[in-house]
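Before any comments, here is the structure.
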Amino acid sequence: MPTNKEVRVRFAPSPTGDLHVGNIRTALFDWAYARHTGGKFIFRIEDTDRERVTDEYIAAALDTLRWLGLQWDEGPEVGGPFGPYMQSQRLDIYAEWAQKFLDQGDAYYCYCSSEELEARREAQRAANVAPGYDGKCRNLSPEELAAFLAEGRKPVVRMRMPDGHTTFTDLIRGEVSFDHNFVPDFVLVRGDGSPLYTLAVAVDDVMMKITHVLRGEDLLSSTPRQIRVYQAMGLSEAEYPEFAHLPFVMGQDNAKLSKRNGEVSIAWYRDAGYLPEAICNYLALLGWSPGDDREDVSREEIAQLFTVERVHSSPARFDMKKLEAINGDKIRALDLEDFLARVLPFLKRDDVVTGTEAELSVVRQALPLIQERIATLAEVTQMVKFLFVEDFVVDVDSAPKIADEQSQSVLKAALVALETLSDWSHEAIEAALRATLIEGLGLKPRIAFGGVRIAITGSHISPPLFESMELLGRERSLARIKASIA
RNA sequence: GGCCCCGUCGUCUAGCGGCCUAGGACUCUGGCUUCUCAAGCCAGCUACGAGGGUUCGAAUCCCUUCGGGGCUACCA
């Protein structure tokens, strides 16, 4: 156990697409652990697979982490003493180590073709033997070697797994052991000379002095290979990083989270109006808990309370309903100016406002009315749109509801009551409508105000009616009621 | 198939041998409040996968079993 060493944790995604919920949960835990221990949070991009990782995805990953407020101490853009932090810029380092392993006899060239390997694996499966590399090229005779070279074969570099087993202590799962009979010799360098994850990840973790590897449990069974590379690099067991394999975040149907069983891309949640602090709060609760019954935690509190000991070993299902509930809570907790700032990009995006002072003033007055009525920021549009539209029309679904005789007579009565009203405050409007419709016509409030609401806001769901009318103003309110009378 | 990981309400979880007739949150249901929708408040439904042990005592420890997942690549 490294005790007085500074803790260094890395988040090292391979951006083959938009960062998804699972990536971010890992990033959050990495970040929280680093912050909790007063250590460093390192962000590294694993882009050795250049077929699948693109610059756009890398840029999006940086943006997403920043948006979530997971500030990294070392990594792309900020640099650091152990850079570069993009694996594609460290190719020479991996090549050097591979050569060293070759020289030491820890690794060897393997000339087997993909087709040959596949055929042999098939045979192993058929014979019910553990599939994996059979060690054919471990000790090639000079004649065999010469024959392969004459064929012009491009060899891969393969790590030699000695007999025995690898045992390590996972901070979350306890002692885990793998028999090397089930950990075949693995490839370090491709035929074209490019490194594989297994080589790059181990080399980088050592060279970047990573002390704790918190990552997804899908990497658990690759840990013996990673440890094998440490050994070849000359590390003693005490120098290995600690491992903690985080449980998966899964979809509702217990399958890996995917497009089919819930939205995965963090970008989607951002566009839908989820707050970064809500996402962090919710994700923190997936596989971890503070221990008491507390569920409302800020990023800072997560950092303060987070310990690996409290991380679960069992997978968690992602529940959008719960995220939504937390998001609603976080929205309600926003102060007015903050709320306005968050909501404005959505109003502009949806062409509700352009951002003039006059518009902002109205929005500012409307926000307190809707703050407890929305669960995501994007919903703000449908709630306040009626205050800004030039050519107002009632929703097609709601229009028929005010076309009947009773509704029409209510609207007419309301119009009469309001036309003579001099004070256009919501109190006065309410008093006038109550006097006329409730007391005068003996209607139930629900019936009385329902029609007016539709005429004014265009929908049967809206912010409180009288405040809405006050905000809309006398002219437009009366015009809308008139327009709805056939 | 083999190796490895995992198993408390529908979901996230508390629980680390007695405080558990199993607590909280989300969801759902019913009610209150109410100008709609929300929010808020109150109430309710529902769980230790199964079977064996160990123990005075087990959700908690052990074994088996069943179920779920991961890995088994010149992906990560």
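Below, chains carry the letters A, B, ... as their sequence lines are ordered, and counting in each starts from 1. From a predicted model like this one, the values you see are computed outputs, not experimental measurements.
Only the C1' atoms considered, G67(B) is 29 Å distant from U21(B), to the nearest whole Å. With C1' as the reference atom, C66(B) and C75(B) are 33 Å apart, rounded to whole Å. Comparing A50(B) with A58(B), their P atoms sit 15 Å apart, to the nearest whole Å. Taking atom C1' in both G15(B) and U33(B), one finds a spacing of 37 Å when rounded to whole Å. On the P atoms, G49(B) is 32 Å away from C41(B), given to the nearest whole Å. The separation of C48(B) from A22(B), taken at their C1' atoms, amounts to 8 Å, rounded to a whole angstrom. Nucleotides U27(B) and U46(B) have their C1' atoms positioned 12 Å apart, rounded to a whole Å.
Residues Phe392(A) and Phe386(A) place their aromatic rings such that the two centres sit no closer than 6.0 Å.
Taking atom CZ of Arg332(A) as the reference point, atom C1' of G40(B) lies 10 Å away to the nearest angstrom. Summarising the geometry, the separation between CZ on Phe168(A) and P on C4(B) is reported as 12 Å, rounded to the nearest angstrom. Atom CG of Leu246(A) and atom P of C5(B) are 17 Å apart (whole Å). To the nearest angstrom, P of U72(B) lies 14 Å from CG of Leu117(A). Per the geometry, NZ belonging to Lys444(A) stands 13 Å off P belonging to U33(B), to the nearest Å. For the pair Gln124(A) CD and C3(B) P, the computed distance is 15 Å after rounding to whole Å. Between Arg453(A) atom CZ and U34(B) atom P the separation is 15 Å, expressed in whole Å. What separates CD of Glu217(A) from C1' of G68(B) is a distance of 11 Å, to the nearest Å.
Base pairing analysis places U60(B) opposite nothing; no Watson-Crick or G-U wobble pair with both distances below 3.5 Å involves it. Nucleotide G2(B) has C71(B) as its partner under the Watson-Crick or G-U criteria, with both atom distances under 3.5 Å. G44(B) is paired with C28(B) under the Watson-Crick or G-U wobble criterion, all donor-acceptor distances under 3.5 Å. Base-pair partner of A39(B): not found among the strands shown (Watson-Crick or G-U wobble, both distances under 3.5 Å). Across all strands shown, G7(B) is found opposite C66(B) as a Watson-Crick or G-U wobble partner, with both distances under 3.5 Å. Shown here, U34(B) forms no base pair; nothing in the strands shown gives a Watson-Crick or G-U wobble contact with both key distances under 3.5 Å.
Val156(A) comes within 4.0 angstrom of a nucleotide base, judged by non-hydrogen atoms across all strands. Contacts of Gly291(A) with the nucleic acid, taken as non-hydrogen atoms under 4.0 Å apart, involve only primed sugar atoms and P, OP1 or OP2. Ser177(A) comes within contact range of the sugar-phosphate backbone alone, with a heavy-atom separation under 4.0 Å but no base atom that close. The residue Ser114(A) sits close to a base: some heavy atom pair falls under 4.0 Å. Across all strands, Pro463(A) comes closer than 4.0 Å to base atoms (heavy-atom distances). Gly191(A) comes within 4.0 angstrom of a nucleotide base, judged by non-hydrogen atoms across all strands. Gly287(A) comes within contact range of the sugar-phosphate backbone alone, with a heavy-atom separation under 4.0 Å but no base atom that close. Leu285(A) comes within contact range of the sugar-phosphate backbone alone, with a heavy-atom separation under 4.0 Å but no base atom that close. Phe186(A) comes within 4.0 angstrom of no nucleic acid atom, judged by non-hydrogen atoms across all strands. Nucleic acid contact for Pro464(A): base, since at least one base atom lies under 4.0 Å from a heavy atom of the residue. Looking at heavy-atom distances under 4.0 Å, Leu219(A) makes contact with a base.
Ring geometry for Tyr111(A) against Phe148(A) counts as parallel: the plane angle stays under 30°, on a 0 to 90° scale with 60° as the upper cut.
Seen from the ring of Phe29(A), Arg25(A) counts as a face-on cation partner, given the 6.0 Å and 45° thresholds.
Closest to the Leu196(A) side chain, of the nucleotides C75(B), C35(B), C12(B), is C75(B). Of the candidates C26(B), C4(B), C35(B), the closest approach to any side-chain atom of Leu220(A) belongs to C4(B). Closest contact between the side chain of Asp218(A) and the listed nucleotides G70(B), C35(B), G7(B) involves G70(B). Which of C6(B), C26(B), C5(B) sits closest to the side chain of Val176(A) comes down to C5(B). Comparing A76(B), C35(B), C26(B) by their nearest atom to the side chain of Arg190(A) picks out A76(B). Distances from the side chain of Ile461(A) to the nucleotides G23(B), C37(B), U27(B) place C37(B) closest. For Leu286(A), taking side-chain heavy atoms from C-beta onward, the closest of the listed nucleotides G2(B), A76(B), C12(B) is C12(B). Here C74(B) is the nucleotide among U27(B), A76(B), C74(B) with the atom lying nearest to any side-chain atom of Arg121(A). Comparing G40(B), G7(B), G69(B) against the side chain of Phe248(A) picks out G69(B) as the nearest. For Arg373(A), taking side-chain heavy atoms from C-beta onward, the closest of the listed nucleotides U13(B), C35(B), U36(B) is U36(B).
Of the side-chain N and O atoms in Arg317(A), one or more sit less than 4.0 angstrom from OP1 or OP2 of C12(B). A sub-4.0 Å separation between OP1 or OP2 of A76(B) and a side-chain N or O of Thr48(A) is present. Phosphate contact (OP1/OP2 of A14(B), side-chain N/O of Ser289(A), threshold under 4.0 Å): present. The phosphate of C12(B) has neither OP1 nor OP2 within less than 4.0 Å of any side-chain N or O from His312(A). Residue Arg173(A) places none of its side-chain N or O atoms closer than 4.0 Å to OP1 or OP2 of C4(B). Here Arg310(A) does not reach the OP1 or OP2 of C16(B): none of its side-chain N or O atoms lies under 4.0 Å away.
Of the residues near RNA chain B, Phe178(A) and His460(A), the one whose nearest nucleotide (by heavy atom distance) lies more toward the 5' end is Phe178(A).
Contact check for Asp205(A) versus Arg44(A): side-chain heavy atoms found under the 4.5 Å cut-off. Put simply, the side chain of Phe43(A) does not reach to within 4.5 Å of the side chain of Tyr85(A), judged on heavy atoms.
Here the side chain of Asp292(A) pairs a donor or acceptor atom with the backbone of Arg294(A) at under 3.5 angstrom. In this structure, Trp424(A) contributes its side chain and Met469(A) its backbone to a donor-acceptor pair below 3.5 Å.
One N or O donor and one acceptor, one from the side chain of Glu295(A) and one from the base of G24(B), sit under 3.5 Å apart. Between the side chain of Arg446(A) and the base of C35(B), no donor-acceptor pair of N or O atoms lies under 3.5 Å.
For residues 151-170 of chain A, every residue pair satisfying the salt bridge (charged side-chain N to carboxylate O under 4.0 Å, His left out) rule, not counting sequence neighbours, is listed here: Glu116(A)-Arg153(A), Glu151(A)-Arg153(A).
Taking a 6.0 Å sphere around CZ of Phe388(A), one finds it holds more than 12 heavy atoms contributed by other residues, nucleotides or ligands.
Looking at Asp134(A) and Gln124(A), their side chains never bring a donor and an acceptor atom within 3.5 Å of each other.
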